[in-house]
Amino acid sequence: MRAALLQTTASDDPAQNTETLRGMVREAVAQGADLVCTPEVSNCVSSSRARQDEVLRPEAEDGMLAAMREEAARAGIWLALGSIAVKTGDADGRFANRSLLIGPDGAIHARYDKIHMFDVAVSETETYRESAGYRPGGRAVLAETPLAPLGLTICYDVRFAHLYRDLAQAGAAILLVPSAFSPVTGAAHWEVLLRARAIETGCFVLAAAQTGRHPASAGRARETWGHSLAVDPWGTVLADAGTACGVTIVDLDPTEVAQARQRVPALTHDRAYDGPA
């Protein structure tokens, strides 16, 4: 199978981002992609709650989702809309950071709301509190497709190895990690975390990422790490997109999953144990 990782520098204008993504999806299809993967918050990268309130919509009204459903149906592909920020109607006004898997029929085949919130102080000048604007999800999601079973995750989830092990134990062969990673943590942790998740589970890992300095009409302009990665089940990096926007194509051989798990059958070696004394 052939997968495409789309790397973008999304702004806080969902309509503009939609048109950019539409062109990239068509480029990926022209290169023979069966599965197209987009980054986290593909529809809007913003640090301004007021701007998000202004431009975000509920899932059923989201323009990017509608456009990507059209593109998937037009091309007959699977499209993993890494995530979009959507209004939820919750009383506290928080949004959902939601990944949607769209099938060749244009239908939504799976939804996943990001479980782990990025509440961190990377440095004295760089802090994030994702939970202030987004409600966490509470359910792991495995999507069965003719290409392979896909485990849906988002960005900061990558630091929680048990989620990926649970997905692999449930049958995942490919783990999706769409991201908008911080440059500081990206430089230190991005590749090693993705390779570790692949090695631990014997899965392919596909991580489409945001990159660069994101245009903002309100609030602080964000910067992201880029380096969309594809990693094989043995932990080898198959592709690194660097820091430029674009489409990265990678061919995957699903038989490599069984081969890696046969060589090191760690998924069959779990043992119950008592907690630390």
Side-chain angles (χ1 to χ4, degrees), residues 4-30 33 35-75 77 79-88 95-102 106 108 111-114 118 128 130 133-134 154-155 176-183 206-228 241-248:
L5 305 179
L6 308 190
Q7 185 157 284
T8 65
T9 306
S11 69
D12 60 2
D13 181 346
Q16 179 185 70
N17 296 331
T18 296
E19 290 313 301
T20 297
L21 211 60
R22 190 192 298 272
M24 296 178 77
V25 169
R26 292 183 179 183
E27 181 181 341
V29 169
L35 171 66
V36 176
C37 304
T38 83
E40 182 181 21
V41 285
S42 286
N43 63 336
C44 180
V45 174
S46 176
S47 63
S48 169
R49 184 75 174 268
R51 178 62 176 171
Q52 291 171 318
D53 275 327
E54 177 187 355
V55 301
L56 297 184
R57 299 290 182 265
E59 179 189 306
E61 301 172 18
D62 185 83
M64 176 171 281
L65 175 57
M68 293 303 102
R69 292 181 66 179
E70 290 174 3
E71 292 301 317
R74 181 187 67 83
I77 59 165
L79 195 156
L81 187 54
S83 84
I84 54 174
V86 295
K87 288 183 173 178
T88 62
F95 314 112
N97 191 345
R98 181 167 298 163
S99 181
L100 297 119
L101 181 65
I102 304 165
I108 298 169
R111 292 174 176 83
Y112 166 72
D113 285 357
K114 185 177 181 181
F118 192 51
Y128 301 89
E130 189 176 16
Y134 292 87
I154 301 172
C155 201
L176 304 183
V177 195
S179 297
F181 234 69
S182 153
L206 299 179
Q210 297 281 357
T211 188
R213 186 173 179 84
H214 299 265
S217 60
R220 172 178 57 87
R222 283 192 59 187
E223 293 188 29
T224 52
W225 176 241
H227 292 278
S228 297
T243 58
C245 293
V247 177
T248 298

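Note that this is a predicted model, so its numbers are computed, not measured. This chain uses plain numbering: 1 for the first residue, then up along the sequence.
A donor-acceptor contact shorter than 3.5 Å is absent between the side chain of E59 and the backbone of R98. Side-chain atoms of T224 come within 3.5 Å of backbone atoms of Q210 as a donor-acceptor pair (strictly under, hydrogens ignored). Looking only at distances, a side-chain donor or acceptor of R222 sits under 3.5 Å from a matching main-chain atom of A180. Put simply, the side chain of D62 never gets that close to the backbone of P58: no donor and acceptor are under 3.5 Å apart. The closest donor-acceptor contact from the side chain of S179 to the backbone of V177 lies under 3.5 Å. Of the possible polar contacts, one joining the Q7 side chain to the A244 backbone as a donor-acceptor pair under 3.5 Å is found. R69 places a side-chain N or O within 3.5 Å of a backbone atom of G106 that can act as its donor or acceptor partner. Under the 3.5 Å distance criterion, the side-chain polar atoms of T211 are matched with a main-chain donor or acceptor of T243. Distance alone, capped at 3.5 Å, places no donor-acceptor pair between the R22 side chain and the M68 backbone. Under the 3.5 Å distance criterion, the side-chain polar atoms of S228 are matched with a main-chain donor or acceptor of A209.
Scanning all heavy atoms of the two residues, the minimum distance from P178 to L176 falls at CD-C, 3.4 Å. Residues A10 and V41 come closest through the heavy atom pair CB-O, 4.3 Å. Closest heavy-atom contact between F95 and T88: C-CG2, 3.7 Å. A pairwise comparison of heavy atoms in T38 and G82 identifies OG1-N, 2.9 Å as the closest pair. Annotation for L56 and C44: closest pair CD2-CB, 3.9 Å, computed over non-hydrogen atoms. A pairwise comparison of heavy atoms in A4 and V247 identifies CB-CG1, 4.1 Å as the closest pair.
Using a 4.5 Å cut-off on side-chain heavy atoms (C-beta onward), L79 and L35 make no contact. Side-chain contact between R111 and S99: absent, with no pair of heavy atoms (C-beta onward) separated by less than 4.5 Å. Within the 4.5 Å cutoff, side-chain heavy atoms of W225 are placed close to those of H227. N43 places none of its side-chain heavy atoms less than 4.5 Å from the side chain of L21. N17 places none of its side-chain heavy atoms less than 4.5 Å from the side chain of T8. With contacts defined as side-chain heavy-atom distances shorter than 4.5 Å, the pair L6/C37 does not qualify. Between R220 and S47, the closest side-chain pair of non-hydrogen atoms falls below 4.5 Å. With contacts defined as side-chain heavy-atom distances shorter than 4.5 Å, the pair F181/C155 qualifies.
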**Study point:** Step-by-step side chain to side chain contact (heavy atoms under 4.5 Å, CB included) determination, N97 to E130
**Key:** CA-CA 10 Å; N97 191 345; E130 189 176 16; 3.2 Å; yes
Practice item. Decide side chain to side chain contact (heavy atoms under 4.5 Å, CB included) for I108 and L65; before the verdict, give the C-alpha distance in whole Å, the side-chain angles of both, and the deciding distance to 0.1 Å. Key: CA-CA 9 Å; I108 298 169; L65 175 57; 3.9 Å; yes
Exercise for review: Assess whether side chain to side chain contact (heavy atoms under 4.5 Å, CB included) is satisfied between V29 and I77, documenting all intermediate values.
Suggested key: CA-CA 8 Å; V29 169; I77 59 165; 3.9 Å; yes
Exercise for review: Take S11 and Q16 through the test side-chain hydrogen bond (donor to acceptor under 3.5 Å, both in side chains) and record every step on the way to the result.
Suggested key: CA-CA 8 Å; S11 69; Q16 179 185 70; 2.9 Å; yes
Exercise for review: Could you walk me through whether D12 and Q52 pass side-chain hydrogen bond (donor to acceptor under 3.5 Å, both in side chains), step by step?
Suggested key: CA-CA 8 Å; D12 60 2; Q52 291 171 318; over 6 Å; no
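To the nearest 0.5 Å, atom CD of residue E40 and atom CG of residue L81 are 11.5 Å apart. The structure places CD1 of I154 at 14.0 Å from CZ of F118, a figure rounded to the nearest 0.5 Å. We find the CD-CE distance between E19 and M64 to be 9.0 Å, quoted to the nearest 0.5 Å. Atoms OG and OH, on S182 and Y128 in that order, are 4.5 Å from each other to the nearest 0.5 Å.
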